[in-house]
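For reference, the structure is listed below as structure tokens.
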Amino acid sequence: MLHLSVSTVFFAEQHITHVWWQRIRPRLTILYLAVALILLLISGAGHLRLFNEIGKVFGGFTWTIDAESPDKPIVIITTPEQLPPFAIPNGSLTSNTHISAVNHMPGMTGIQRAYQQARPQEIITYTARGDQTPSQTITRPAYLFTWNLWWQTFGLTFLAGLSWLIVGIVLLATASEWTGAVEGLTLLPPAILLLLYSHWGNIQTATPPDFVVQMVWIPSFALLGAAFIHLSLTYRPIAMINGRNPGWLVDGLPYAPLLLLIAYNWISFLSRGYVPIRTNIELSLGYAVFGGVVSLGIGITSIFQMLGIWPQHKKTSDGSRLPAIPPRIRHHLGDLLTLWIGGIGLGFCFGVLPILLTGQTLLPLSMFYILAAVYPLILLYAIRSLRLIARLHVTLDQREVALQKQQKTAHELRKTNEELEQATRLLLHADAHLRSLLSQRIHDQPKQQALRIRSLLGYWQHKLRLEMERSVDGKVAASPVIEALSKVRKISEELERDLRGLQLLVEDAYQRRSLGLKLHLEKLIREDLPVLHTESLLEIRHDLWALDALNPDLEQSEEGEKIAEAISYTVTQALLNIYNHAGASYATVRTACRDNVLNIEISDDGHGFDVQSIPPEKTSLFKADLKVRAAHGTLRIDSKPRPDPQHGTTVRLEIPLLPEARMDAQSQVQPA
């Protein structure tokens, strides 16, 4: 009962959350689409800048200007894998090597002139220096920036970012609760990093990192760390069990440090005209690493709680302990943590982090971008499958609760039915008892009085007749008195007959117990009913041999009394219906006893009726059916109305005989 109450409250809360989410989801989806459109426009602007560089000569690597240094040296971003590696390492957090001169001219001016004047495979001289390394001179041939190089370096990143963006929209638009919305929203930071990579690095034109890189692309690393924390808090077992609405602690606090980072970026940009790249990356990446560590800790704690290693001792606000984690939540969370921590975490650690730390990836960039584009599709398929499985589990839980309610209702109905059957048995028993008393009183009082009146009236009638004959003068006026007495006697006879009919209507239990069931029915068929219906020409043929199988002491037990009551009442009411309504010329009453089942059939050749058109409670055999059921028997009525050749009505009664109701086995054999 407690589980049923908790489940009912849980599903009610789910319904309220669902209604709230149905109102907010379209607005949030539209906002997400607006952000996605803005990102695509910004990314498209960066790619248009790159398209203008296609067909131009460049040094075989993408680069940018370090605006923090006074002479604005060149920092290498990446080298396409189709081209030979460059001896100068890419810029990273651990490598601070710059190109100070190109063809012996200062970095920014020299690289532009060298590329504008060079031809493919022409040797270009680069002078590089580091913070703790001496200057060195490296030569490298020039190359053409082609569509293939654009596709391998920037096109695949756009495809991967678009994949993350589309999957996020689909997850958000199809989410059935706030948890699903979080899954879609947390795909936005990787999409930003991949889509806006088109603004990072130059081919030939010397431009420092633009506003998009400084204010959006680099802070997206910190946004990714906040998304890690947000997602891990959402995937806690207690949050998955109860479901939740947006809240400040879970949905707002992980993103609060971003406000400080944004404030620092704007202050630097307004005061200096640029944001220090290294400091910006260190702060953003530091919070990303912090978010990853916190997310990993929360995820491990959640796994321990699901495994039972870390028990939940915390209590709710009302003092009750937290509910146990259902198996479906354990499986669901295990799959989700594997998807997110295993996929995004490993991708960040083995892909993005090595680039930022060493300037190189553990996998080729093209392979990394292809995996980054395919992974969201796998993620979409997995999350959609998990959502369907979770919805199926919820449906099963709801059906289980409904089944429990049905079982409870069925139990109550069975209990009510048992009470009704008990009340019916008591009612039938009281009815039989009252009719027995009524029959006895009719026999002992009004009937006997009517007999006495008739005897006295006959005596005085005879006496007055004698007095009149003895009178000498013959003037004794006895004729009127005799006539009156004759009328009174006739009325008395009618009263006796009416009382007898009344006694039959209530089933003469007193006579049945006095004579026995078989003799009572024989007397009923041969004497009582013909006397009651003297004008009727109905002929009743009866065969009551099977009643000899009944124990003479049948009515000494409760079950035997029910059997006798059902047989006697059904036969009496059926024959009364034939006399009063059937218009039959003959009727038969047959009995048989086979396999400890007593069969009684009452049939007639009357005009019949449509059984289906008459409600059972409208027939006089309705109470007979109750009595038969109380005796564990069955009563069936078949009737064919005229002009059917087989017109007439047949009442069939079957009652199983208990051992105490049978006399012996030999009496059940039908005589030849």
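- Between Phe158 and Trp151, the distance separating the two ring centers is not shorter than 6.0 angstrom.
- Residues satisfying the side chain to side chain contact (heavy atoms under 4.5 Å, CB included) test with Ile262, not counting sequence neighbours, are Trp266.
- For the pair Thr146 (side chain) and Leu149 (backbone), a donor-acceptor distance under 3.5 Å is present.
- A donor-acceptor pair under 3.5 Å is formed between the side chain of Thr186 and the backbone N or O of Glu183.
- One distance of note links CH2 of Trp63 with CD1 of Ile77; it measures 10.5 Å at 0.5 Å rounding.
- Of the options Thr174, Val167, Leu187, a side-chain contact (heavy atoms from CB on, under 4.5 Å) to Leu380 is made by Val167 and by none of the others.
- Judged by distance alone, the side chain of Ser232 and the main-chain N or O of Ile229 form a donor-acceptor pair under 3.5 Å.
- Between Trp217 and Tyr197, the two ring planes are tilted [angle within 30° to 60°].
- With sequence neighbours left out, Phe145 forms a ring pair (Phe, Tyr, Trp, His ring centres under 6.0 Å) with Phe58.
- Checked against side-chain hydrogen bond (donor to acceptor under 3.5 Å, both in side chains), Tyr115 has the following partners two or more places apart in sequence or in another chain: Tyr126.
- Considering only residues two or more places apart in sequence or on other chains, Trp200 meets the side-chain hydrogen bond (donor to acceptor under 3.5 Å, both in side chains) condition with none of them.
- Aromatic ring pairs are classed by plane angle as parallel below 30°, tilted from 30° to 60° and perpendicular above 60°; the pair Phe61 and Phe86 is parallel.
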Check residues 103-113 and write down every donor-acceptor pair under 3.5 Å in which the side-chain atom is one partner and the other belongs to a residue at least two apart or another chain.
from	atom 1	to	atom 2	distance (Å)
Asn103	OD1	Thr125	N	2.9

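- Counting all heavy atoms, side chain and backbone alike, Leu195 lies closest to Leu162 at CD2-N, 3.7 Å.
- No more than 12 heavy-atom neighbours from other residues, nucleotides or ligands sit within 6.0 angstrom of OH on Tyr381.
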Query raised in the report: Can you list the steps and then say if Phe221 with Leu193 is a side chain to side chain contact (heavy atoms under 4.5 Å, CB included)?
Result: CA-CA 8 Å; Phe221 288 103; Leu193 290 172; 3.8 Å; yes
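- With sequence neighbours excluded, the residues that form a side chain to side chain contact (heavy atoms under 4.5 Å, CB included) with Val250 are His230, Leu233, Thr234, Arg236, Arg244.
- Checked against side chain to side chain contact (heavy atoms under 4.5 Å, CB included), Pro120 has the following partners two or more places apart in sequence or in another chain: Val57, Leu144.
- A search for side-chain hydrogen bond (donor to acceptor under 3.5 Å, both in side chains) contacts involving Glu53 returns Thr205, not counting sequence neighbours.
- The backbone N or O of Leu159 sits nowhere less than 3.5 Å from a side-chain atom of Ser163 that would complete a donor-acceptor pair.
- We find the CE-CZ distance between Met215 and Phe211 to be 4.5 Å, quoted to the nearest 0.5 Å.
- The minimum heavy-atom distance between Ala118 and Glu122, with the atom names listed, is CA-OE1, 3.2 Å.
- A donor-acceptor pair is defined here as one N or O able to donate and one able to accept, closer than 3.5 Å; such a pair exists between the side chain of Asn202 and the backbone of Thr207.
- Shown here are the ring pair (Phe, Tyr, Trp, His ring centres under 6.0 Å) partners of Tyr264, two or more places apart in sequence or in another chain: there are none.
- Annotation: side chain to side chain contact (heavy atoms under 4.5 Å, CB included) contacts of Leu188 (sequence neighbours excluded): Tyr32, Val35, Leu39, Leu165, Ile192.
- Rounded to the nearest 0.5 Å, atoms CD1 (Ile54) and CZ (Phe51) are 6.0 Å apart.
- Rounding to the nearest 0.5 Å places CG of Leu171 at 12.0 Å from CD1 of Ile166.
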Report task. Would you sort out whether Ser295 and Leu231 count as a side chain to side chain contact (heavy atoms under 4.5 Å, CB included), showing the intermediate values? Result -> CA-CA 8 Å; Ser295 175; Leu231 198 61; over 6 Å; no
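- When the side-chain hydrogen bond (donor to acceptor under 3.5 Å, both in side chains) test is applied to Gln82, no partner is found at least two apart in sequence or on another chain.
- For the pair Arg384 and Leu388, the minimum side-chain heavy-atom distance is 4.5 Å or more.
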